[in-house]
Amino acid sequence: MDILIIGSGGREHALAWKAAQSKRVHNVFVAPGNAGTAQAYGVMNIDLSATDLDGLLQFARERDIGLTIVGPEQPLSMGIVDAFRAADLPCFGPTQAAAQLESSKSFSKAFMQRHGIPTAAYQSFEQLEPALAFINTLSLPMVIKADGLAAGKGVIIAQTQDEACDAARDMLEGNAFGDAGHRIIVEEFLSGEEASFICLCGENQYVPLASSQDHKAALDGDLGENTGGMGAVSPSPLVDEAMHQKILEQVIEPTLAGMKQDGHPFTGFLYAGLMISPDGNLNVLEFNVRFGDPETQPVLMRLDSDLVSLCHASLEGTLDQREVEWNPQAAVGVVMAAKGYPKSCPKGDPITGLEAVAGEGGHVFHAGTKLVGDQVVTAGGRVLCVTALGDDLPDAKARAYYAADQIHFNGVQYRSDIGDKAIGHL
Ligand code: AMP
Ligand code: GLY
């Protein structure tokens with residue numbers, strides 16, 4: 001069977017790499033892909049954007065694609081799964097209605113409140129004056145969020161009332177995040193440590209995937225701006241057996257039951273971004289309705305089962321008959337970003353050293369890259385995610401950084417402490 005992966009990031013390179021390992025799979029197409037997917041064994045790029053729903057549908061129909069996996073949130077929030085389902089094409093992801101769990105923070109906050117899923121206290125606003133009045137009643141720090149999709153960047157943690165008021169003003173009146181910021185959420189600050197918990201969900205069954213932890217801040221020590229994610233590890237030592245059960249009971253099961261009850265049964269990858277307090281209390285920071293980037297890279301490095309079969313089983317309602325097998329090793333992925341990320345970045349810089357890494361056990365997942373002739377050049381903010389397995393997290397970290405240190409491009413920046421928080425819990 002042929003597979004179509006939609007998207008162009010490190011997540012999609014990892015999905016394509018994993019799908020290509022399936023014995024049932026013939027060709028893996030990636031729309032539009034990157035230099036990594038262009039060069040991967042059994043994988044081919046097609047020149048269609050991830051948001052060209054008509055083009056993608058036509059391609060899938062003409063090539064009789066046996067399974068489409070949607071990487072990023074935009075096509076999901078545009079209704080790609082609804083369109084593929086209407087055309088009787090197997091497509092793994094949530095419907096447009098279910099994708100609101102990610103595409104609208106006010107939808108997901110109201111949903112959580114209604115169904116008793118733990119999350120920070122909040123209010124949502126479309127007008128500045130009431131937002132400013134509410135800000136003046138909250139203690140510091142507090143969090144201001146754009147309601148819509150902002151690639152992980154529409155969140156400001158304000159340390160002063162002035163900063164909070166400025167953020168609200170910039171979003172509601174200054175167009176800081178375009179339409180995404182024309183409604184905002186103001187919420188209480190939660191302290192603790194974050195973990196990512198992702199499940200593969202069919203209409204009536206789900207399986208939890210291995211836990212992971214992202215590193216969202218741009219700089220070492222979790223300093224600097226919020227980004228799409230600068231590196232990830234799997235597993236997260238915060239999620240021990242007891243915490244795993246608690247997450248299923250307090251978050252995943254009420255979310256799946258609540259979505260069904262509300263008439264939007266959830267299918268696809270359900271990603272709960274969690275804040276776990278030092279005394280073990282759980283809160284949901286956000287839902288994503290797709291696999292995380294960069295969490296996908298270390299999580300899929302550890303998945304021994306066939307991803308394509310699991311997605312099919314979830315579409316067919318036979319997920320409960322599946323055992324998911326994991327490599328007991330740990331994995332660490334380090335994002336190598338271009339100068340300036342998360343702000344705009346230069347493009348077109350040649351990347352060297354990729355060959356040196358090939359034999360070392362690490363895997364270089366490409367994100368913002370493209371091929372110019374045979375040369376791989378930078379083409380985005382997050383450029384690569386260098387990922388390695390190891391006997392434990394310190395070993396995986398050492399291997400990932402050994403590989404990352406061989407790779408160079410102009411202005412390259414990467415954190416040097418990916419995995420340290422997790423290692424601190426061992
Ligand atoms: P979100 O897109 O809602 O996940 O927010 C992005 C990042 O901002 C999260 O991964 C956290 O690091 C941080 N964040 C969001 N909401 C809160 C909160 N209520 N308290 C503390 N940190 C938060
Ligand atoms: N790594 C966070 C995300 O994919 O949104």
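Whatever order the structure lists ligands and atoms in, that order sets their numbers, starting from 1.
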Distance under 4.0 Å to a non-hydrogen atom of [X]: what atoms of ligand 2 satisfy this?
| X | value |
| --- | --- |
| Tyr271 | 1 (N), 2 (C) |
| Gly292 | 4 (O) |
| Gly228 | 1 (N), 2 (C) |
| Arg290 | 3 (C), 4 (O), 5 (O) |

Proximal atoms of ligand 1 relative to [X] (non-hydrogen, under 4.0 Å):
| X | answer |
| --- | --- |
| Ile157 | 13 (C), 22 (N), 23 (C) |
| Lys145 | 3 (O), 15 (C), 16 (N) |
| Val143 | 16 (N), 17 (C), 18 (C), 19 (N), 20 (N) |
| Glu187 | 16 (N), 17 (C), 18 (C), 19 (N) |

(message) Looking only at the side chains, is there a donor atom on one of Asn45 and Thr37 sitting less than 3.5 Å from an acceptor on the other?
(response)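 Yes, a side-chain donor-acceptor pair sits under 3.5 Å.
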
Evaluate the side-chain proximity of [Y] to [X]: yes if any heavy-atom separation is below 4.5 Å, no if none is.
| X | Y | value |
| --- | --- | --- |
| Tyr271 | Glu286 | yes |
| Val43 | Ile5 | no |
| Met301 | Gln329 | no |

(request) Supply the atom-to-atom distance Leu132 CG to Leu172 CG, rounded to the nearest 0.5 angstrom. (result)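 Here the rounded value is 8.5 Å.
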
At a non-hydrogen distance cut-off of under 4.0 Å, which region of [X] contacts ligand 1 (side chain, backbone, both, or neither)?
| X | result |
| --- | --- |
| Leu285 | both |
| Asn226 | side chain |
| Glu194 | side chain |

(request) Could you say whether the N/O atoms of Asn288 and ligand 2 ever approach to under 3.5 Å? (result)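 There is such a contact, yes.
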
(request) Using distance alone, determine whether Asp214 and ligand 2 share an N or O pair under 3.5 Å. (result)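 Min N/O separation from ligand 2 is below 3.5 Å for Asp214.
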
Aromatic contact between [X] and [Y], with the criterion being ring centroids under 6.0 Å apart: yes or no?
| X | Y | value |
| --- | --- | --- |
| Phe365 | His363 | yes |
| Phe266 | Tyr206 | no |
| His244 | Phe197 | yes |
| Phe125 | Phe134 | yes |

Answer yes or no for [X]: is there a heavy-atom contact with ligand 2 below 4.0 Å?
| X | value |
| --- | --- |
| Arg11 | no |
| Ala232 | no |
| Gly229 | no |

(message) Evaluate Leu190 for polar contact with ligand 1, using N/O atom pairs at a separation under 3.5 Å.
(response)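 Yes: some nitrogen or oxygen of Leu190 is under 3.5 Å from one in ligand 1.
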
(request) Could you tell me whether Arg415 and Asp222 have a side-chain N and a carboxylate O separated by less than 4.0 Å? (result)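 Between Asp222 and Arg415 there is a salt bridge, with a charged N closer than 4.0 Å to a carboxylate O.
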
Identify each donor-acceptor pair in which a side-chain atom of residues 232-240 lies under 3.5 Å from a protein atom, sequence neighbours left out, and give them as a table.
unit_1 : atom_1 : unit_2 : atom_2 : d
Ser234 : OG     : Ser211 : O      : 2.8
Ser234 : OG     : Arg302 : NH1    : 2.8
Ser236 : OG     : Leu238 : N      : 3.2
Asp240 : OD1    : Ala242 : N      : 3.3
Asp240 : OD1    : Met243 : N      : 2.8

(request) Examine the proximity of ligand 2 to Lys216 and report which part, side chain or backbone, both or neither, has a heavy atom under 4.0 Å away. (result)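 Only the side chain of Lys216 comes within reach of ligand 2.
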
